[in-house]
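Right, one structure below, let's go through it.
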2 protein chains.
Amino acid sequence: MNPMPKPPTMKDVAAAAGVALKTVSRHVNGATNIDPALASRIATAITELGYRHNLAAASIRPGRSAKVIGLVISDLANPYWSVLARSVERTLSENGYLLMTVSSEEDADRHRLLVDRLIAQRVDGLIVSPPRRDTTGWAADAAPLLPVVAIDRPLAPLLPSPTDAHPAAAPTPTPPAAEASAPLLTSPGADADAPHPTQPGAAADAPLVDTILADNAGGAEAATRELLRHGARRILFLGDSLELYTMRERNAGFRRALGLDPASDDDRASVATAHTAAEAAEVVTALLGTGRIDAVFAANNRASTGAVDAFTRAGTRLPLIGFDDFEAATLVRPGISVVAQDVAQMGETAAHAVLARLAGETPPPTTTTLRTRLVLRGSELP
Amino acid sequence: MNPMPKPPTMKDVAAAAGVALKTVSRHVNGATNIDPALASRIATAITELGYRHNLAAASIRPGRSAKVIGLVISDLANPYWSVLARSVERTLSENGYLLMTVSSEEDADRHRLLVDRLIAQRVDGLIVSPPRRDTTGWAADAAPLLPVVAIDRPLAPLLPSPTDAHPAAAPTPTPPAAEASAPLLTSPGADADAPHPTQPGAAADAPLVDTILADNAGGAEAATRELLRHGARRILFLGDSLELYTMRERNAGFRRALGLDPASDDDRASVATAHTAAEAAEVVTALLGTGRIDAVFAANNRASTGAVDAFTRAGTRLPLIGFDDFEAATLVRPGISVVAQDVAQMGETAAHAVLARLAGETPPPTTTTLRTRLVLRGSELP
DNA sequence: TTGTATGCGTTATCAC
DNA sequence: GTGATAACGCATACAA
């Protein structure tokens, strides 16, 4: 009693049905022109043998593919990414594609490894959130091979200038099949709407990838203006590391609303960095009652929950608006006002972008910026 | 200027390096005994041509596989499932496997379709949460083909034939996979279209699958006892449809704590069904102040947030304990007490179970029941 | 240590 | 409409 015997092949089915291999192939692929008598004999043989079509084998034929897309995000456990992944999955599923999701943990090397693995697996396309310190050149290597779509962040975000002086670039040669010296593709259409600062040492031309972003700066600016409108004067910007593109953008919008020179260091803008909700809560707790701040702009949902937590513990509160909606936002009083982004639409748009490329469309790469929505629930008030 | 030229193969590399195919194959697969001179020539050819190992093609060889596992859950957007999926992904990733996650939306037919698709894709193993009305016999078909692990719920027991109706169920200990004979669960339902013929030879016994569950009944019982201990007498059981295994189990634990006959209809136990948080909030709002209930056991996190929402709106509250921890639980006062289950451990255990089977271990199928933890934060008090 | 020949399961070509 | 046969990209006996 072998627990897992070798599965039957088309050949077995053909033999059992007394037809040729090709006829079975036709039947399996839903060809119309088959003698009904043979068709039913084949069908019988298939069920009797328990035959299963082998898509992996079929996919190695030229022109065929496994109809699988790879999705690289930073952490599937984060609700932001899981909702996005679900949206991608839904859209792809409607079009007959499966999705392979991997979490890069914001680690550039791991990110590179995962991208290479997905390419080795011969996925048809790649939807990728570029990692924090993106120096591996994965995009330049991948883009010539298959459709690549960047989500949430553009490729090659600008690193903080001071640290750029001596980038301890350890060019780890990823084994084996790696290090493909990217043929510098002369990009036909440069995206005008987003002036990407080129990295020192990196290729001057960005790889051909569609990009789907949210209007981080605009959303942050609107939120900050709303706080100002209600009398706030010393707003705390509470967010994650400014190494993250989204954080830089939100901070830029924040400073724009304050009328600050993006490059200056005006003390009207306090900035605090917190990676976890607990850290965010600590920061807020320490500042509460000192009079040094009179409002909080929480630049992601961990910062928001941290701030709310600090307020709840202290039994007092400050005007607050967060970036990204979150479940708890409606459960406290006053409700937490947020800059909401349409995560599901980002996923859907990204999926459609890959599908369009797979369908053969080859327009110049586009950058889509999705609008954000200011949802006021009361927490913006003094 | 072909945007996506045909990728180079091993043959191309071999030709470019002036060696045989086999040698390239060894190099790519990390073989040790290769002439350093040839190895470097191969490496050069690989980078020069931009060669990528094709795992899809390699996987069709006997004994080889793509090292991909399929995960079937109901909805990746639900934090419960996404945390679970992340945990599975992490464990698999550490062992060189990729994960394909699909959402069945609790639809049995869609579930069947997805399982079939994953099998066609030749995944190495399957981790599956059986859908609500599981009548397609997917498990019996899949289990002989590849390792299958059930998570969160056991496989649907063979549908009880009418003669099986012995309502005098002795108070047997719950686990494993036992005693799911919910009072309200009537006939197999409308779709008699697939009475699934038992395989010739294979009897009607359950397929060989490992199963990972949480102690739903035990957790619910502990929570209910805690509410009783603080004086509650008319506790509302607020949850999703009792068609769901977890709901039946939690309800069983709830009734056990109340000392109720599982089959009776004692009015000390009010049961309300709500699928969304909004519905749950409605139910609670309608009951608040009527005196008909004096505490709430929320049987999932949507019910919990709905109840909290209703409390917040009404400006009053009742003792409450929920099943499943949730983000907002610590942000309100009093903090929401919950029965917490270790979702990450469930994912890790499931992943290890498939990996063990793939490694050749063939013990009899086991059912693992993970302990739950009662986390008290204050909301259980009057 | 390296090369040759063959097969994996499927699909495409092109005669019949 | 159907069927032999040749790929597809890779890995493995087996021989050299």
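Protein chains get the first letters and strands the later ones, always in sequence-line order, with residue 1 at the start of each. FYI, side chains are in, hydrogens and waters are out, and symmetry mates aren't considered; it's all heavy atoms of this structure.
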Taking protein heavy atoms under 4.0 Å as touching, what does nucleotides 10-16 of chain D look like 5' to 3' if B marks base contact, S marks sugar-phosphate-only contact and - marks none?
BBB----
If I take atom CD1 in residue Ile60(A) and atom P in nucleotide dA12(C), what distance separates them, rounded to the nearest angstrom?
12 Å
Rounded to whole angstrom units, what separation is found between the CD1 atom of Ile34(B) and the C1' atom of dT2(C)?
10 Å
Atom of Arg52(A), atom of Leu145(B) and distance for their closest heavy-atom approach:
NE-CD2, 3.6 Å
Test salt bridge (Lys or Arg N to Asp or Glu O under 4.0 Å) on Glu105(A) and Arg86(B); report intermediate values, then the result.
CA-CA 11 Å; Glu105(A) 298 164 8; Arg86(B) 176 68 178 104; 2.8 Å; yes
Do the side chain of Asn95(A) and the main chain of Tyr97(A) share a donor and acceptor less than 3.5 angstrom apart?
no
Measure from CG on Asp35(B) to C1' on dG3(C) and round the result to the nearest Å.
14 Å
Quick one: does Met10(B)'s side chain get under 4.5 Å of Asn54(B)'s, heavy atoms only?
no
dG3(D), OP1 or OP2 - any side-chain N/O from Thr23(A) closer than 4.0 Å?
yes
To 10°, what angle do the rotation axes through the five end pairs on each side of the helix from dT1(C)-dA16(D) to dC16(C)-dG1(D) form?
30°
Nearest heavy-atom approach of Asp210(B) to Thr366(B) is OD1-N, 2.9 Å
Minimal non-hydrogen separation, Val209(A) against Pro365(A), with atom names
O-CB, 3.4 Å
Is a salt bridge present between Asp134(B) and Arg153(B), judged by a nitrogen-to-oxygen distance below 4.0 Å?
no
Find the distance Arg41(B):CZ to dT1(C):P and express it as a whole number of Å.
17 Å
So which atom in Ser103(B) and which in Leu114(B) form the shortest heavy-atom distance, rounded to 0.1 Å?
O-CD1, 3.4 Å
